Number of protein chains: 2
Amino acid sequence: MLATISQALPRLSPSERRVGHWIIEHPKEAANITLARLARECETSEPTVVRFCRHVGLGGFRELAIRLTEALSSPTTYVHRDVSPDDSASDAVIKVMDASIQSLIEMRSQLSSMPIDEAVIAMKSARQIAFAGLGASGHVASDACHKFFRLGIPCSSLSDIPMILQFAAITQPDDVLVLLSHTGRWQDFARAAKLAKARGASVIALTNPDSDVAREASLLFPCPVIEDTSVYTPMSSRLAQLALLDAIHVALALAQGDTASENLRRSKDALKF
Amino acid sequence: MLATISQALPRLSPSERRVGHWIIEHPKEAANITLARLARECETSEPTVVRFCRHVGLGGFRELAIRLTEALSSPTTYVHRDVSPDDSASDAVIKVMDASIQSLIEMRSQLSSMPIDEAVIAMKSARQIAFAGLGASGHVASDACHKFFRLGIPCSSLSDIPMILQFAAITQPDDVLVLLSHTGRWQDFARAAKLAKARGASVIALTNPDSDVAREASLLFPCPVIEDTSVYTPMSSRLAQLALLDAIHVALALAQGDTASENLRRSKDALKF
DNA sequence: GGCCAACATGTAGTAAAATTACACCAATAA
DNA sequence: TTATTGGTGTAATTTTACTACATGTTGGCC
């Protein structure tokens with residue numbers, strides 16, 4: 001959580017940045033401070049603090065308190081430091097691994113606030129599911145597709161803008177569109193989300209909570225953006241997305257009950273030697 | 001905290017005991033419920049709930065929320081237990097996440113025994129790199145390809161047997177073939193490895209160390225096989241492979257020095273808005 | 001049985017805290 | 001200049017936790 005905040009700092013307005021700084025410097029006190037006092041402490045107004053919370057992907061000030069106590073009571077190993085050009089190869093490799101582990105741990109701690117049950121319900125009765133992603137997320141999409149289709153639900157993966165928009169334009173009410181994007185900045189994604197939602201389809205987004213795509217989605221799985229401070233920084237957030245999709249996949253399989261076990265076992269048997 | 005509550009239960013009045021019971025049965029929801037809703041849920045009044053809090057040694061209702069989130073995000077090491085059909089969705093999701101984290105942690109601890117430097121040397125002077133994988137590993141392969149080509153080295157990804165064999169048959173001494181396989185059981189992979197090695201190419205394998213593919217490779221990155229005891233078990237080993245490739249990628253970029261930063265920055269700039 | 005005491009519980013009010021709506025101001029582009 | 005946008009604060013609204021007080025309910029004692 002603190003990491004999420006410090007990552008968000010650069011793209012916040014001055015007053016909000018003061019709030020972020022104060023929290024990072026006084027995490028203990030921040031955990032159960034009141035809105036009014038925090039505002040006074042940072043020499044700003046209450047709404048600004050609330051806006052700050054929204055910008056770092058929280059629902060409101062109350063959630064901030066919850067997330068902070070959570071963060072403070074879970075030990076943080078595997079802290080991520082940037083890879084620097086004069087690292088030895090082995091140093092660098094360990095740092096990258098730590099960053100990956102860290103991003104998974106962060107995601108784990110946020111699982112409780114994600115709409116997993118809702119997503120499972122939507123997918124369970126879906127006519128078809130489409131996974132859409134560009135670039136690196138495109139691979140995540142096809143991986144997810146490859147995984148979910150084994151549950152017996154028609155799946156497809158879309159990895160270019162025209163296809164995504166076309167798909168969105170012909171969705172039906174019980175279709176599910178899963179949008180994968182790290183930054184959430186692609187305007188066409190937001191457009192596709194709006195389009196699909198207008199036609200009654202469910203739009204699930206795994207993306208930066210502070211983005212147009214996130215705002216247009218019917219269900220949002222917030223994925224913190226790793227700001228690329230260094231060109232060497234790998235795409236750990238992609239790992240987190242994959243793991244999250246794994247988790248949703250299993251939850252869906254459970255919800256399907258016998259059908260799923262049956263389908264999974266059959267598709268595994270087909271690969272036997 | 002939950003223990004404290006159940007300990008206190010017997011010496012509480014009936015209504016307060018209902019409150020205690022409900023909290024123990026729904027700890028997750030209890031962590032960020034409102035006073036009014038909790039009272040309604042237990043069919044009692046708000047002051048009773050507050051009195052309950054006082055009786056279990058808390059200052060008030062607000063403190064209850066804090067203590068609960070603390071208790072819930074407690075250490076709980078990331079030990080993996082299999083997902084069972086009668087898990088609730090949230091239980092299952094956490095287990096899957098834990099399994100993923102665990103497999104990354106395991107891989108991290110084995111990094112020192114992996115031939116990273118050798119792999120980097122081979123790749124640095126490679127004429128081309130091909131990543132080969134079938135099924136789920138196919139996605140890992142194309143992901144890796146997408147990542148490494150940005151370092152300026154010609155890359156390709158192969159995801160079916162004929163292509164892999166054909167590629168192996170025409171390799172040249174400074175080509176690198178990266179084989180991705182969970183089990184290492186595909187005989188054709190071992191054949192491709194032998195073929196490519198005979199023509200002088202470097203064969204790097206990310207696979208089960210106890211397999212034919214592993215034995216044929218010139219460089220081996222051992223990836224522990226997760227035995228699929230349950231159909232629900234997700235593909236955490238694939239995550240580990242991805243993370244490992246991330247790490248190698250960064251190590252290679254460092255070894256390339258300025259060239260790599262330059263290439264990476266350029267390919268990033270190409271996506272700017 | 002009637003009366004009192006102690007406790008349990010709920011009603012209604014209060015103070016504080018979070019959130020929202022709206023207005024203002026400064027910086028920037030037309 | 002004027003319009004527009006984004007950042008910010010003021011003030012009103014709603015929600016939330018807590019408190020004071022009233023009402024019942026039980027159990028003992030005369």
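Given the structure is predicted, the values throughout are model-derived calculations rather than measurements. Residue numbering restarts at 1 for every chain, and letters A, B, ... go by the order of the sequence lines.
- Following rounding to the nearest Å, A/Arg51 (CZ) and D/dG7 (C1') show an atom-to-atom distance of 7 Å.
- At a threshold of 4.0 Å, the pair A/Arg215-A/Asp212 counts as salt-bridged, since one of the basic side-chain nitrogens sits closer than that to a carboxylate oxygen.
- Side-chain atoms of A/Thr69 and B/Thr69 form a donor-acceptor pair, as typed in the model, at a separation below 3.5 Å.
- C/dT9 atom C1' lies 10 Å from atom CZ of B/Arg18, rounded to whole Å.
- Between the CD atom of B/Glu46 and the C1' atom of C/dA8 there is a distance of 17 Å, rounded to whole Å.
- Contact annotation: A/Ser15 side-chain N/O to D/dG7 OP1/OP2 distance is not under 4.0 Å.
- Atom CD1 of residue A/Ile204 and atom CG of residue A/Leu177 lie 9.0 Å apart, to the nearest 0.5 angstrom.
- Between the CD atom of B/Glu16 and the P atom of C/dA8 there is a distance of 7 Å, rounded to whole Å.
- With rounding to the nearest 0.5 angstrom, the CG atom of A/Leu165 is 9.0 Å from the CZ atom of A/Phe189.
- Looking at heavy atoms from C-beta onward, B/Leu104 lies out of side-chain contact with B/Ser100 at the 4.5 angstrom threshold.
- Across the protein-nucleic acid pair, A/Phe52 atom CZ and C/dA18 atom C1' stand 16 Å apart, rounded to whole Å.
- Using cut-offs of 30° and 60° for the angle between ring planes, the A/Phe148 and A/Phe131 rings count as tilted.
- Using a 4.0 Å heavy-atom cutoff across all strands shown, B/Pro47 reaches at least one base atom of the nucleic acid.
- One interatomic measurement links the two molecules: CG of A/Leu35 to P of D/dT10, which rounds to 14 Å at whole-angstrom precision.
- The phosphate of D/dT8 has neither OP1 nor OP2 within less than 4.0 Å of any side-chain N or O from A/Thr48.
- Residues of residues 58-65 of chain A that place a heavy atom closer than 4.0 Å to DNA chain D, in numerical order, are A/Arg62.
- A/Arg54 comes within 4.0 angstrom of the backbone, heavy atoms only, and of no base.
- Side-chain N/O atoms of A/Thr44 include none lying less than 4.0 angstrom from OP1 or OP2 on D/dT8.
- Here the CG-CZ distance, from A/Leu12 to A/Arg18, works out to 12.0 Å after rounding to the nearest 0.5 Å.
- A straight line from CG of A/Asn32 to P of D/dT16 spans 19 Å, rounded to a whole angstrom.
- For B/Ser45, the listed nucleotide lying nearest its side chain is C/dG10; candidates were C/dG10, D/dT10, C/dA18.
- Distance, B/Arg40 CZ to C/dT9 C1': 19 Å, rounded to whole Å.
- Note on B/Ser13: every side-chain N or O is 4.0 Å or more away from OP1 and OP2 of C/dC7.
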